[in-house]
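Chain naming here is simple, since letters A, B, ... match the order of the sequence lines and numbering starts at 1 in each.
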Amino acid sequence: MKELAKTYDPTAIEERIYDKWMGRKYFHAEVERSKKPFTIVIPPPNVTGKLHMGHALDETLQDILIRYKRMQGYNALWVPGTDHASISTEVKVTNQLREEGIDKQELGREGFLKRAWEWKEEYGGAIINQLKKLGSSCDWDRERFTMDEGCSEAVLEVFIRLYEKGYIYKGSRIINWCPVCKTSISDAEVEHEEQAGHFWHINYPITDGSGYVEIATTRPETMLGDTAVAVNPEDERYQHLIGKMLKLPLTDREIPVIADPYVDKEFGTGCVKITPAHDPNDFEVGRRHNLPEINIMNDDATICCPGKYHGMDRYEARKAIVKDLEEQGLLVKVEDHSHNVGTHDRCGTTVEPLIKQQWFVKMEELAKPAVEAVKNGELTFVPERFDKIYLHWLENIRDWCISRQLWWGHRIPAYYCDECGEIVVAKEAPSVCPKCGCTHLTQDEDTLDTWFSSALWPFSTLGWPKQTEDLEYFYPTDVLVTGYDIIFFWVIRMVFSGYEQTGKSPFHHVLIHGLVRDSQGRKMSKSLGNGIDPLEIISEYGADALRLTLVTGNAPGNDMRFYMERVKSSRNFANKVWNASRFIMMNLEDQKIAEVDASALTAADKWILSKVNSLAEEVTGNMDSFELGIAVQKIYDFIWDEFCDWYIEMVKPRLWNKEDTTREAALWTLKQVLINALKMLHPYMPFITEEIFCNLSDEESIMISSWPEYKEEWNFAAEEHAISMIKEAVRGIRNVRTDMNVPNSKKATVYVVSENPQVREIFEQGRSFFAALSFASEVKVQADKAGIEESAVSTMIPEAAVYMPLDELLDLAKEKERLKKEEVRLQKELARVNGMLNNEKFVSKAPAAKIQEEKEKLEKYTQMMDQVKERLAQLGE
RNA sequence: GGAGAUAUAGCUCAGCUGGGAGAGCAUCUGCUGGACGUGUAGAGGGUCACAGGUUCGAGUCCUGCUAUCUCCACCA
């Protein structure tokens, strides 16, 4: 056995261990009919991405679950991969080209894609290596990419299927347009933010000269595209206007006044300008009334209409138009007004609603099984409250705009006949037009929304559309782990795609986590510069410490704050585990410990075995309910408090005495308990547990060892009781000594007095460690107070009194004071217990077990009180 | 305008189906005996936001209210 370092140094260990795991293919899973599968697919990070704390949390949670299930004997598969991230990547590559002085358009589609793939090959894998640093046990042999051959095949298949069922259609509709990225985006990609703006009141002259109609708008520049003014049909004020024509200022057009219930009488002036081509509501109104749709904007949001405003930027035009209206006396007033502005979530640009030909997925029918899945419990969210968010979105879902005016992505498999305009949707380019027979067909220029391919991720990565063995065995996956911020983008789309294409929900559970924030609670962001790099934390404190920090004290769905003190405390725990193990290995001295018979075990051994046994039961329960924070807290407390601070201290006297007949039992127990604790800790802290385990065990790796299960033969209730009594006495003694300022070096005889022979037996049995833990020179266990000096200090536990003659140190007044404090405490406890037991309603309604519990407490407190009173009397009180 | 979350020790947060308020860090006081000072033994510190209600019993369930945060929403 090698000598272990005094402090744990993760950097020396982690890489070597990860290489070992990789080399032995522990992460790899193949179909194995004899085992039950447990599958997770990774939320594929963007190829443009760099590992941040959000990833670190997400991957840690998945790795914990997958390692846990693997140890439980499941055939655990964690499928990794990356997402092509159409817009982000396209922007990055475009910028790179620009720096080289190359214009994307001049380079052309083919040249651009070549560069994009080169870029992907060069930088795209970076994040994968970063995931490995965390200890992620992904099956890297199965690494996928949303634009690889198989995923692309799945995309084509789904597109064609949905098209043929009529769920995908092409239409001219109002969509969200990003004037900077120059592409359409879906509703989910629009972020709404409240912005301070103005409300401009403008008079539109009535053509018959009878006056004006006053409208109010937040976007005066769009008036160039107005094709009507609407009033509510029930608004008495404006009945006479309906049907009249208005002169649209700054143009030579005339527009009608129409009546539509969409208009709110109470808001603004009650008259609304209708701009069908630049506002989603107006678009609807326009379609109802067959109004012309006049587009006044170019793709870069400059104005496009005959006249002086042509070519102006939208905001420049706004200023000019307001100025001109004012000069013409048509501007009535300007009010301050804050309103919602839609921005593109990738670049922050204000989105422009525009009418464009785009491809859409019709959502109404597709959404139904996804709604049903949550309602009938086939799919559950952890925590449950995310059901509501999910359902609310699905129940109000609108058609999904899936075409993007980008090059990096899956090109839409639609071909147009140059002659007759026929649309052919097919996996491969048709050579002739099925309608007119000509041979000139051109493929649609657009690509698909990046989420179209990620929606298929749980099954496309397992071989779909081929009915592979993998698919049949590993699918549906078990749990999806992700942040609440992409429920709309991703989770919902995976669920309805799963039902539509495979007839099943793609996973059974969705474990939602929150955001990792900085120590002040702010979002970590590039612009604030407050991000903490997980890789830096790993290199300084180790991946285990980072992982522990990310799961400790965090409940599912809640945001968490990240700060260095917590990382340090996790690192300290790793060191604690390291040193406890080092201590045990030093004592084992490489000797083989034979299986020890239960009859050879002492009460302390049985106590700790019983504790680790119930720990296994509880932790398993917590992990099955995804309560990972609670589970790891219990493991932490067990290792540090029960095992290190109590059990190891208890067995030291036995270890030091080579003649001790129970020494072997102590060594065996230490090893058993440590191994079990390490196993439970392994999913959380994989590296340190592996390193220690391999130094301790003959098995080749902890990650393929078996998860501890509850075993009846390790259930020792009597010993748990006995040891808790001794611990109680030790605590009492320590308290007294601290109170009296007795240094640890000053030993005293400790008398344990109890009339109960069983209690005396417990202390007799525990004599060796009880003496050590209570700084006793000698322990005397007896039935009465014979031989105990009256001046000895005392502490009471149920069923026993403990005395220590500390002669010269004794301060009688202080002793009395302490006893009186204890008396007051006991009085309060007795009052509470008696209050309950004397309450008829409690006795008649509370469960029997609870009543029994309280009765036992009453007995204990009464005993202790008697002892305290007796002692006080003895002291002349 | 809807919906949700959060409010517990100085700080950051746990607390599952109701049955004597917890952890880590911080603060204070001891302890250097043979795993660990990244340690150890102790201490102080909480009307569990507020007000009602249900219950023998409420941090936990219900109602209301306040504050903060988040999501959704077409009031121009």
Side-chain angles (χ1 to χ4, degrees), chain A residues 4 6-8 192 199 215-219 222 230 262-264 266-275 279-285 337 339-340 353 383 385-386 388-389 392-393 396 484-485 487-488 514-515 519 521 541 545 549 552-555 557-566 568-587 621-622 625 627 629-630 633 636-637 644-645 648-649 652 655-656 731 734-735 737-739 741-745 772-773 775 829 832-833 835-836 839-847 849-851 853-854 857:
Chain A
L4 296 178
K6 196 168 173 181
T7 51
Y8 174 59
H192 295 275
F199 222 4
I215 58 98
T217 179
T218 55
R219 300 198 53 197
T222 62
Y262 150 71
V263 180
D264 180 352
E266 311 303 321
F267 192 80
T269 61
C271 303
V272 186
K273 64 192 267 312
I274 301 296
T275 322
D279 182 281
N281 298 310
D282 294 4
F283 177 79
E284 298 296 330
V285 175
H337 180 72
H339 60 130
N340 260 327
R385 63 174 187 273
F386 288 98
K388 289 191 187 112
I389 295 175
H392 182 259
W393 174 269
N396 296 284
Y484 56 68
D485 48 338
I487 293 176
F488 305 133
L515 264 41
S519 60
Y541 296 95
T549 304
T552 303
N554 185 234
N558 287 0
D559 290 354
M560 67 178 304
R561 296 192 195 197
F562 191 93
Y563 51 105
M564 292 314 295
E565 287 83 352
R566 292 189 47 208
K568 283 183 185 145
S569 121
S570 299
R571 185 270 319 263
N572 293 354
F573 177 65
N575 193 54
K576 186 72 182 176
V577 171
W578 182 256
N579 273 293
S581 307
R582 194 162 69 100
F583 172 80
I584 291 166
M585 287 187 258
M586 274 166 46
N587 282 285
N622 289 132
S625 324
E627 294 160 351
I630 295 173
Q633 185 67 247
Y636 178 104
D637 288 344
C644 292
D645 290 346
I648 289 182
E649 294 305 320
K652 276 179 179 175
L655 299 177
W656 293 334
R731 281 202 200 93
R734 285 173 176 168
N735 271 313
R737 293 177 63 107
T738 302
D739 252 19
N741 288 320
V742 186
N744 293 351
S745 51
L773 297 181
F775 310 102
E829 297 291 358
R832 196 189 61 81
V833 177
M836 284 171 94
N839 181 341
E840 264 181 52
K841 286 179 177 170
F842 173 77
V843 179
S844 61
K845 292 190 177 180
K850 179 66 188 166
I851 294 170
E853 196 184 317
E854 294 302 323
K857 281 181 194 167

Answer yes or no: is there a donor N or O on one side and an acceptor on the other, between the side chain of [X] and the main chain of [Y], under 3.5 Å?
X	Y	result
N622(A)	E627(A)	no
T269(A)	C271(A)	yes
N579(A)	K6(A)	yes
N396(A)	H392(A)	yes

- Task: Check the angle between the aromatic planes of F199(A) and F267(A) and answer parallel, tilted or perpendicular using the 30° and 60° thresholds.
- Result: tilted

- Could you check whether the rings of Y8(A) and W578(A) sit parallel, tilted or perpendicular, using 30° and 60° as the cut-offs?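 Ring orientation of Y8(A) relative to W578(A): tilted.
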
Complement of [N], any strand, by Watson-Crick or G-U distances under 3.5 angstrom:
N	value
G24(B)	C11(B)
G57(B)	none
A51(B)	U63(B)
U68(B)	A5(B)
G33(B)	none

Nearest to the side chain of [X], which nucleotide is it out of [options]?
X	options	result
F775(A)	G33(B), G19(B), C75(B)	G33(B)
R385(A)	A5(B), A23(B), G15(B)	A5(B)
N340(A)	A35(B), C71(B), A73(B)	A73(B)
K850(A)	A73(B), G19(B), A41(B)	G19(B)
H192(A)	A73(B), A14(B), C75(B)	A73(B)
T217(A)	A41(B), A76(B), U38(B)	A76(B)
K6(A)	U12(B), G37(B), A76(B)	G37(B)
S569(A)	C31(B), C25(B), G19(B)	C25(B)
E565(A)	C31(B), A35(B), C25(B)	C25(B)

- Lys/Arg cation over aromatic F842(A): K850(A), 6.0 Å, 45° cone: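 Pair K850(A)/F842(A) does not count as cation-pi.
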
- G45(B): syn or anti, per glycosidic angle within 90° of 0: anti

- Nearest heavy-atom neighbours spanning T549(A) and R566(A): O-NH2, 2.7 Å

- Most 5' of F199(A) and A580(A) on RNA chain B, judged by nearest nucleotide: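 Of the two residues, A580(A) wins.
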
- T738(A) or N579(A), whichever maps to the more 5' nucleotide of RNA chain B: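 Result: N579(A).
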
Could you check whether [X] gets within reach of a base, just the sugar-phosphate, or nothing at all, counting any heavy atom under 4.0 Å?
X	answer
V263(A)	base
D645(A)	sugar-phosphate
Y262(A)	base
D264(A)	base
R832(A)	base
G270(A)	base
G629(A)	nothing
K273(A)	nothing
Y563(A)	base

Would one find a side-chain N or O of [X] under 4.0 angstrom from OP1 or OP2 of [N]?
X	N	answer
H337(A)	C75(B)	no
N558(A)	A14(B)	yes
K568(A)	G24(B)	no
R566(A)	U12(B)	no
N735(A)	A43(B)	yes
N572(A)	G39(B)	yes
K576(A)	U40(B)	yes
R561(A)	U12(B)	yes

Using atom [atom1] in both nucleotides, what's the gap between [N] and [M] to the nearest angstrom?
N	M	atom1	value
A26(B)	A9(B)	C1'	11 Å
A21(B)	U8(B)	C1'	9 Å
C25(B)	A73(B)	C1'	42 Å
C62(B)	U17(B)	P	11 Å
G59(B)	A14(B)	C1'	12 Å
G57(B)	U66(B)	P	29 Å
C28(B)	G15(B)	C1'	27 Å
G4(B)	C11(B)	P	29 Å

- Has W656(A) got its ring stacked on G34(B), by the test of a centre gap below 5.5 Å and a plane angle below 30°?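 Yes, the aromatic ring of W656(A) stacks with the base.
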
Measure the distance from [atom1] on [X] to [atom2] on [N] and round it to the nearest whole Å.
X	N	atom1	atom2	answer
I648(A)	A41(B)	CD1	P	12 Å
E649(A)	G39(B)	CD	C1'	11 Å
F386(A)	C72(B)	CZ	P	13 Å
M836(A)	A58(B)	CE	P	10 Å
D559(A)	U68(B)	CG	P	18 Å
N741(A)	A41(B)	CG	C1'	13 Å
M560(A)	U12(B)	CE	C1'	10 Å
N744(A)	G37(B)	CG	C1'	15 Å

- Would you mind checking if K857(A) and E854(A) are paired as a salt bridge, meaning a charged N to carboxylate O distance below 4.0 Å?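 Between K857(A) and E854(A) there is a salt bridge, with a charged N closer than 4.0 Å to a carboxylate O.
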
- Task: Please tell me if the side chains of L655(A) and F583(A) come closer than 4.5 Å, counting only heavy atoms from C-beta onward.
- Result: yes

- Message: If you go through the side-chain atoms of E627(A), does one of them form a donor-acceptor pair with the base of A14(B) closer than 3.5 Å?
- Response: no

